[in-house]
Number of protein chains: 2
Amino acid sequence: MVEKSLPQPTKPELAVLKLLWRQKDLSARQITDEVAPQFDWSYSTVRTVLERMCEKGLLEKRPANGVNVYAASVGKIALLGDLIRDFSDRVLELDAAPSAVMFADSRLLTEEELEELEHVLRTEGR
Amino acid sequence: MVEKSLPQPTKPELAVLKLLWRQKDLSARQITDEVAPQFDWSYSTVRTVLERMCEKGLLEKRPANGVNVYAASVGKIALLGDLIRDFSDRVLELDAAPSAVMFADSRLLTEEELEELEHVLRTEGR
DNA sequence: AGCCCTATGCGACAATTGTCGCAATAGGTA
DNA sequence: TACCTATTGCGACAATTGTCGCATAGGGCT
């Protein structure tokens, strides 16, 4: 099967994704309220970023209740797996991707997700 | 003391740094021979990247034997420490930076360097 | 001294990212 | 229905990165 390579998100893009992994279908306004403070961004800026993320296939936009809401279109585990592999490979030059137990206390992952991640790191291995 | 924040190198920049950590004072030609194949870059491109890295303070250029040679001006451990902290913090949202034993089989580090890294990860912690 | 090859300094251009503002429109409310 | 406010679709511009090519200056060899 074809391995689609996820685009590597920039810092703000990752922040948006994290938010949308927690709560999906948020409006631009809601997203702004959450992430703009951290980056010191205006509403306009956030909207542009959202738009571009849609073009890149990171998000999906859908009208609901009169406003557009956004949802992540890449999975959390899949993307994290990719990022971890890239980091361990390209930056650290490790022979094997680290085991997911290393991330046990990550605020991003539940128990199940951790196992899923472990699996991804093993199989998609390389 | 002032903590100077190292610039985050791009992928090709990191590749150049890795090379120069192994062998310092290489000419643009030598660097090209090493890294260009991986990125499929021309000599010109590599030179531009080197020049820009100097401007950013990642490298230093010095004439030697009639040609310019480049050397890394950021330390390997310092930069890796920064990258690891950023990744564990911003991407993985771990409470504590991982211990360096995790990188024991990194092709980049000797025993001593590993200890040094451990130290950096502990102290500069946060 | 003259020539040739290589290195260097510079300039150029496209794509991506960071960062907004504006004019028009759609929804909700008086 | 008329108005007010929030949303949207666009367009714009600067900085960074990716990606070279060219014209000139330097060194070494004959």
Side-chain angles (χ1 to χ4, degrees), chain A residues 5-20 25-71 74 79 82-83 86 90-91, chain B residues 5-20 25-71 74 79 82-83 86 90-91:
Chain A
S5 61
L6 291 314
Q8 294 226 143
T10 64
K11 289 174 213 261
E13 286 175 347
L14 183 60
V16 169
L17 283 174
K18 283 186 181 181
L19 172 61
L20 288 173
D25 290 328
L26 296 181
S27 70
R29 179 64 63 184
Q30 294 173 300
I31 296 174
T32 302
D33 291 341
E34 289 285 339
V35 309
Q38 270 122 60
F39 293 98
D40 204 50
W41 274 5
S42 76
Y43 180 48
S44 275
T45 302
V46 174
R47 280 194 336 110
T48 302
V49 170
L50 292 176
E51 222 42 54
R52 288 176 181 167
M53 288 178 75
C54 286
E55 284 161 19
K56 286 203 280 185
L58 286 171
L59 298 186
E60 262 164 34
K61 176 165 67 167
R62 183 173 59 86
N65 290 1
V67 281
N68 289 327
V69 293
Y70 298 84
V74 297
L79 183 61
D82 263 35
L83 293 179
D86 174 68
R90 183 179 58 80
V91 179
Chain B
S5 60
L6 290 315
Q8 293 224 143
T10 64
K11 288 172 213 265
E13 286 175 348
L14 183 61
V16 169
L17 282 174
K18 283 185 180 181
L19 172 60
L20 288 173
D25 291 329
L26 297 181
S27 70
R29 180 63 65 184
Q30 293 173 301
I31 296 174
T32 301
D33 292 341
E34 289 285 339
V35 308
Q38 270 121 63
F39 293 98
D40 205 49
W41 276 4
S42 75
Y43 179 48
S44 274
T45 301
V46 174
R47 281 195 333 113
T48 302
V49 170
L50 292 176
E51 221 41 54
R52 288 175 182 169
M53 288 177 75
C54 287
E55 284 162 20
K56 288 203 279 185
L58 286 171
L59 298 187
E60 263 164 34
K61 176 165 67 168
R62 183 174 59 85
N65 291 0
V67 279
N68 289 329
V69 293
Y70 298 85
V74 297
L79 183 61
D82 262 35
L83 293 179
D86 175 69
R90 183 180 59 80
V91 180

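Note that the structure is a prediction, hence the values are computed from the model and not measured. Per chain, numbering begins at 1; letters A, B, ... match sequence-line order.
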### Query
What do the steps show when you test Thr45(B) against Thr48(B) for side-chain hydrogen bond (donor to acceptor under 3.5 Å, both in side chains), and what is the final call?
CA-CA 5 Å; Thr45(B) 301; Thr48(B) 302; over 6 Å; no

### Task
Determine: side-chain N/O of Thr48(B) to OP1/OP2 of dC20(D), distance under 4.0 Å, yes or no.
no

### Task
Answer yes or no: is there a side-chain heavy-atom contact under 4.5 Å between Glu51(B) and Lys61(B)?
yes

### side-chain N/O Arg29(A) vs dT7(D) OP1/OP2, d < 4.0 Å
yes

### Query
Rounded to the nearest Å, what distance is computed from the CD1 atom of residue Ile31(B) to the C1' atom of nucleotide dT8(C)?
14 Å

### Task
Would you mind reading off the distance between Leu14(A) atom CG and dG18(C) atom P, rounded to a whole angstrom?
12 Å

### Query
Hey, can you pull the residues of residues 33-46 of chain B with a non-hydrogen atom under 4.0 angstrom from DNA chain D?
Asp40(B), Trp41(B), Ser42(B), Ser44(B), Thr45(B)

### Message
For a 4.5 angstrom cut-off between non-hydrogen side-chain atoms, does Val16(A) reach Val46(A)?
### Response
no

### Sub-4.5 Å side-chain heavy-atom contact between Leu58(B) and Pro7(B)
yes

### Message
Using side chain to side chain contact (heavy atoms under 4.5 Å, CB included), reason through Leu83(B) and Leu6(B) one step at a time and then give a plain yes or no.
### Response
CA-CA 9 Å; Leu83(B) 293 179; Leu6(B) 290 315; over 6 Å; no

### Task
Apply the test side chain to side chain contact (heavy atoms under 4.5 Å, CB included) to residues Leu17(A) and Leu59(A): give CA-CA distance (whole Å), side-chain angles for both, the deciding distance (0.1 Å), then the verdict.
CA-CA 8 Å; Leu17(A) 283 174; Leu59(A) 298 186; 3.8 Å; yes

### Query
What is the distance from CD of Gln8(B) to P of dT17(D), rounded to the nearest Å?
11 Å

### Query
To the nearest 0.5 Å, how far apart are CG in Asp25(B) and CG in Asn65(B)?
10.0 Å

### Message
Can you tell me if Ser27(A) touches the phosphate of dT7(D), counting only side-chain N or O atoms and a distance under 4.0 Å to OP1 or OP2?
### Response
no

### Query
Going by heavy atoms closer than 4.0 Å, what residues in residues 50-68 of chain B are next to DNA chain D?
Arg52(B), Lys56(B)

#### Entry: Pair Lys11(B)-Asp86(A), side chain to side chain contact (heavy atoms under 4.5 Å, CB included): steps then yes or no
CA-CA 11 Å; Lys11(B) 288 172 213 265; Asp86(A) 174 68; 4.2 Å; yes

### Message
Just the rounded figure in Å: distance from P of dT25(C) to CZ of Arg47(A).
### Response
15 Å

